[in-house]
Amino acid sequence: MACICVSGGRFLNGEIKIQGSKNAVLPMLAAALLIPGETKFRNCPDIADVRAMAALLKKLGAVVSRDKDMLCVDARYVHPVFLDCGDMADTRGCILLLGALTARFLEAHLAHPGGCVIGARPVDLHLLALRALGVEIEEGEVILAKAAKLTASEVVFPVPSVGATQNAILAAVLAEGRTGLHNVAREPEVVHLCHFLNAAGAKISGIGTAHLLVEGVKQLSPVDYTVPSDRIVAGTYMAAVLSSGGKVFLRGADDAELLAVIKPLRAAGAEFGIYADGILVKKGRRLAAFDYIRTQPYPGFPTDMQSQFVALATLADGVCVIEETIFEARFKVVPELIKMGARIYLDENKAVVEGVMTLAGANLCGKDLRGTAALVIAALAAEGESTITGTEYLERGYEDFVGGLKGLGADIKRVVK
Ligand code: EPZ
């Protein structure tokens with residue numbers, strides 16, 4: 001089994017190029033199913049979730065090839081195929097095939113998706129949207145979708161959901177008429193999907209707002225598209241620098257997508273340089289305790305940065321309260337950080353963290369994607385050696401996180417035991 005070994009106490013210095021966004025490219029890859037031709041995705045991250053999605057597209061008959069950082073998807077000859085649990089187990093993003101397959105074939109037959117066990121992760125909002133567009137759905141062990149045709153509709157989401165919004169957009173772009181999507185998620189990954197689809201000939205307006213208008217079109221055309229940088233990977237490296245100390249330039253990071261992350265870090269004493277081509281982050285003195293952190297839908301504080309902030313809070317000067325409002329089981333890092341000497345008290349969906357002066361290296365168990373990254377962040381600052389399991393989670397979303405940190409000066413390696 002592979003694990004990560006870290007010897008803490010080294011500063012991070014230099015520059016790292018931030019990879020393409022996992023959560024932006026997964027819906028775009030599903031959207032490629034709607035495009036009869038070869039679509040090119042430049043700056044496409046080479047991560048396990050993308051490989052899982054590419055394997056599904058191939059199973060559906062697409063021709064998928066990679067040339068360095070460019071992934072090409074030719075969906076001319078795709079056909080509906082049942083995607084079973086084995087196919088779907090790896091990533092939550094595969095649920096986005098539901099909207100794309102229904103739009104292309106008026107039918108879809110797939111198992112429930114996998115993904116990080118950070119909560120129940122139901123799909124009721126996805127099904128609500130598709131049903132509103134005229135799709136008949138049977139949900140049991142598998143999800144069966146069928147439609148005589150997709151018809152424009154007004155879809156009102158009771159709560160914003162990133163994936164359900166993306167599925168609704170994918171189902172609406174080829175539906176006859178004008179669809180209104182209301183109370184949609186406004187995450188950058190939804191905005192990027194809309195821009196990608198419009199580049200392919202879709203007609204989506206209201207992009208970035210809570211209300212989207214989708215004018216159905218007859219057909220989409222292949223595009224040569226550059227995947228935007230991954231805001232959560234950028235935020236994760238930011239937290240790594242502020243944990244270990246040092247100064248790093250995050251090439252390609254877009255501060256406009258990270259305002260809710262940068263603000264509390266700056267207030268806690270982190271130093272930033274904001275440039276057109278990236279963000280410089282520098283740790284000066286010990287971080288002060290953060291003001292109250294509450295995860296919220298965008299533009300609020302992102303839940304995908306919550307574990308990384310808990311790790312940073314363990315060494316901050318004061319007490320931090322971090323409240324998780326999106327997922328019901330996203331504090332799995334807490335018992336692991338306590339093994340290192342952290343002082344954390346869990347009160348339902350809140351973590352109360354009293355900063356200490358030092359953490360001690362320990363044997364740590366990563367249990368989800370962002371949590372495993374957070375354990376690495378803590379280990380970088382700890383005294384002594386840490387071993388961290390869960391590399392399989394990291395590799396789902398980070399392109400060589402260990403290599404990236406090593407290149408910045410960390411004493412870190414991936415070992416197979
Ligand atoms: C996307 O997940 C991301 N994953 C998640 O990133 C991210 O944490 C999440 O959005 C929130 O920003 C991908 O894009 C592949 P949601 P998604 O639907 O779409 C509830 C990572 O680390 N809900 O916005 O699954 C749900 O339980 C991952 O990269 C329903 O109740 O998130 C949650 O409480 C983790 N019914 C809330 O909505 C539904 O049908 C928000 O979930 C759908 C969701």
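Nothing fancy with the numbering, it's 1 onward along the sequence. The figures that follow rest on heavy atoms only: side chains count, while hydrogens, waters and symmetry mates do not. First listed ligand is number 1; within each ligand, the first listed atom is number 1.
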Ligand 1 contact on [X] by region, counting heavy-atom pairs under 4.0 Å:
X      : answer
Asp124 : both
Ser161 : both
Arg370 : side chain
Val162 : both
Met305 : neither
Gln166 : neither

With nothing but distance in play, are any N or O atoms of [X] less than 3.5 Å from an N or O of ligand 1?
X      : answer
Pro122 : yes
Leu125 : yes
Glu328 : no
Asn23  : yes
Pro160 : no
Ile326 : yes

Got a salt bridge between [X] and [Y], using NZ or NE/NH1/NH2 to carboxylate O under 4.0 Å?
X      : Y      : answer
Arg131 : Glu139 : no
Arg231 : Asp304 : no
Glu15  : Arg251 : yes
Lys22  : Asp230 : no
Glu215 : Lys203 : no

Problem - Those atoms of ligand 1 less than 4.0 Å from some heavy atom in Lys22 - result: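 Those atoms are 21 (C), 29 (O).
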
Exercise for the section: Would you give the length of the straight line joining atom CD1 of Ile232 to atom CD of Gln19, rounded to the nearest 0.5 angstrom? Expected result: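 Reported value, rounded in 0.5 Å steps: 11.0 Å.
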
Practice task
Quick one: pull up NE2 in His192 and OG in Ser229 and give me the separation to the nearest 0.5 Å.
Solution key: 7.5 Å

Problem - Min heavy-atom dist Asp304 to ligand 1 below 4.0 Å - result: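 Under 4.0 Å: yes for Asp304.
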
Fill in the blank from the handout: Among Arg330, His126, Arg396, closest by heavy atom to atom 35 (C) of ligand 1 is Arg330

Practice task
Can you label the angle between the His182 ring and the His211 ring as parallel, tilted or perpendicular, going by 30° and 60°?
Solution key: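 Correct class here is tilted.
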
Practice task
Please identify each residue that fulfils ring pair (Phe, Tyr, Trp, His ring centres under 6.0 Å) with Tyr398, with sequence neighbours left out.
Solution key: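 Ring pair (Phe, Tyr, Trp, His ring centres under 6.0 Å) check on Tyr398 returns Phe401.
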
Practice task
For Cys44 and Val227, work out which heavy atoms get closest and say how close.
Solution key: CA-CG2, 4.3 Å

